[in-house]
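Right, one structure below, let's go through it.
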2 protein chains.
Amino acid sequence: MRTAIDPISDRPAYKQIADAIRDAVSSGEIGPGEKVPSEADLIRLFNVAQGTVRNALSLLRAEGLLRAEHGKGVFVRERPPMQRKASNRFRRSHRDAGKAAYTVDAEALGIKHDVEVFKVGPDVVPDEIAERLGVPVGSTVLVRSRRYLHGPTPTEIATSYVPWSIAEGTAMAEENPGPGGIYARIEEAGHRLGKFTEDVTARMPMPDEAKALHLPSGTPVMRVLRTAYDTNGVAVEVCDTVMTADLFVLSYELPAD
Amino acid sequence: MRTAIDPISDRPAYKQIADAIRDAVSSGEIGPGEKVPSEADLIRLFNVAQGTVRNALSLLRAEGLLRAEHGKGVFVRERPPMQRKASNRFRRSHRDAGKAAYTVDAEALGIKHDVEVFKVGPDVVPDEIAERLGVPVGSTVLVRSRRYLHGPTPTEIATSYVPWSIAEGTAMAEENPGPGGIYARIEEAGHRLGKFTEDVTARMPMPDEAKALHLPSGTPVMRVLRTAYDTNGVAVEVCDTVMTADLFVLSYELPAD
DNA sequence: TAGTGGTCTAGACCACCGC
DNA sequence: CGGTGGTCTAGACCACTAG
């Protein structure tokens, strides 16, 4: 690794140090999961103060390249294996086979998954959801809030909203909605599903999301806002999902005409 | 705005300051585009050293909440109007009308857009693309690399790859591929388009991407890797797009069966 | 020129980790 | 315990922006 700062360059010292570390990582000199030199080492190597070194390291952490472990050291982040959200995961044949959507994806990867239910019950609909669901602002909907995990790793937080008129008295309002998930229950309630739309955005996490998803700093989240429509074009469910960006690839298929 | 640090709490001072500013923003006390108190102000208000204040501010910049302008101040970031990538933007009817895909989206918003072509010509295919395109590693493809802008704001960098056997001698290899974009040219060359797949991921930008897209720190990018197939299921083009995350909503429509 | 953010130093103390 | 990262102070100088 380069260990000199060019005093002529007008690039700040901390950025030069960050460059040197970034290069060492991309050249393979320091591999994924390996430790970068300690702050004390870097202070000696580059002959700078601690603040300058910390500035360099915090830049690389914000970029998502490094991860710090208090008392142990700073390490190159390793990318865990990715999961796919296949665009066919809402097919009726899967529901008929008793599989919920996330089961389709997880099974395709042989991944053991868990679901933690935070809350299931009627509540006031958030304004943004009311608009998509086509219900009056302030009306009551069934709220299902839960977290998905792969082994010990939380991967996504999801909240579903169903008009209370559809959900009332069904298994949707139970902790476990039964085989095929809530979409199977919605169809049983007489609302045959016609299509889904998904709106995908990405941003940095809110502090509470970072906590719930165990996000290291420098990891963005993807947000998928999915609306389910029946065959009459009436919205019957909205699902708001926030997922760790580097654990997912969202795959979609589009017709040419 | 709160201006006191709880000395009993074990939450670090810089995080308490960040919390106070975050609260002031979310309560509307400081609106989008408005200036937050200067470093000197915050030093006085909270009775801390400059380093502590800077720590708080850089946290909020990494979160994407604030944006600093050297010599002027630190401001609450304003979210510009979002653009939609409609899932129908590859319809043949649009191509027949002479519209390229990005034109469909931009027109829908009444946005003036520009394209800057970086490079058009034959080159060696990157390994990752070769796999998707189904061509041998190391073979030659047409590479079209360009940047899209809305007014002065760069929004996305896109690179298309077409097997040289398809592209050779056509207008695809020109700077301006003509009406309907390269998909129209691909169809003219006898490859009727059957479907597209898009794989969406999000991450923090590489330094060169941050530069090319004028990204403020704390802004992630979305990456869309699109593959176009002809009606025989043969891949005819791959497009690798990196876009400023907070300027886009990707919209998709999924059938229920 | 005064006020702003950007960089850097030197030194201190703390909290966490592993031996 | 020694080594690691985390927080904080006090003060300095620089670069940019505006009046």
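Lettering follows sequence order; numbering is per chain, from 1.
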A/Thr52 side chain N/O closer than 4.0 Å to the phosphate oxygens (OP1, OP2) of C/dT9?
-> yes

For B/Lys211, does the NZ atom have more than 12 heavy-atom neighbours from other residues, nucleotides or ligands under 6.0 Å away?
-> no

With a 3.5 angstrom cut-off on both distances, give the Watson-Crick or G-U wobble partner of D/dG19, or none if there isn't one.
-> none

First of A/Ala68 and B/Gly51 reached from the 5' end of DNA chain D, by closest nucleotide | A/Ala68

Please report, rounded to the nearest Å, how far the C1' atom of D/dA18 is from the CZ atom of B/Phe75.
-> 12 Å

Would you kindly give the CG-to-P distance between A/Asp10 and C/dG6, to the nearest whole Å?
-> 16 Å

Considering only heavy side-chain atoms of A/Gln50, the closest of C/dG5, C/dT7, C/dA12 is C/dA12

For the pair made of CZ in A/Arg67 and C1' in D/dG6, what is the distance, rounded to whole Å?
-> 17 Å

Please report, rounded to the nearest Å, how far the C1' atom of C/dG6 is from the CZ atom of A/Arg11.
-> 14 Å

Nearest whole angstrom, please: distance from the C1' of D/dT4 to the CD1 of A/Ile43.
-> 11 Å

Can you find a side chain N or O atom of B/Arg54 that sits less than 4.0 Å from OP1 or OP2 on C/dG5?
-> no

Between B/Asp19 and B/Arg22, is there a side-chain N and carboxylate O pair less than 4.0 Å apart?
-> yes

Mind calculating the distance between CG (A/Asn55) and C1' (D/dG6) to the nearest angstrom?
-> 14 Å

Given that B/Gly71 and A/Val48 both sit by DNA chain C, which one's nearest nucleotide is further toward the 5' end?
-> B/Gly71

Check whether any side-chain N or O of A/Arg61 sits under 4.0 Å from OP1 or OP2 of D/dG6, and answer yes or no.
-> yes

Counting side-chain heavy atoms from CB outward, which of D/dC8, C/dT7, D/dT4 is closest to A/Lys15?
-> C/dT7

Provide, to the nearest angstrom, the distance between the CG atom belonging to B/Leu66 and the C1' atom belonging to C/dT4.
-> 15 Å

Specify the separation, in whole Å, of atom NE2 of A/His70 and atom P of C/dC14.
-> 13 Å

Single hit among A/Thr244, A/Thr155, A/Leu247 for side chain to side chain contact (heavy atoms under 4.5 Å, CB included) with A/Leu213 | A/Thr244

Do any side-chain nitrogens or oxygens of A/Lys72 fall under 4.0 Å of OP1 or OP2 in D/dG3?
-> no

Is the closest basic N to carboxylate O distance between B/Arg61 and B/Glu63 below 4.0 Å?
-> no

Reckon B/Ser38 has a side-chain N or O less than 4.0 Å from the OP1 or OP2 of C/dT4?
-> yes

Given D/dG5, D/dC8, C/dC8, which nucleotide is nearest the side-chain atoms of A/Glu39?
-> D/dG5

Could you check A/Glu69 against A/Asn47 and say which one's nearest nucleotide on DNA chain C is further toward the 5' end?
-> A/Asn47

Would you mind telling me which of D/dG5, C/dC8, C/dT7 lies closest to the side-chain atoms of A/Ala13?
-> C/dC8

Please determine if B/Arg223 and B/Asp240 form a salt bridge, counting it only when a charged side-chain N lies under 4.0 Å from a carboxylate O.
-> yes

When you look at CD of A/Glu34, are more than 12 heavy atoms from neighbouring residues, nucleotides or ligands closer to it than 6.0 Å?
-> yes

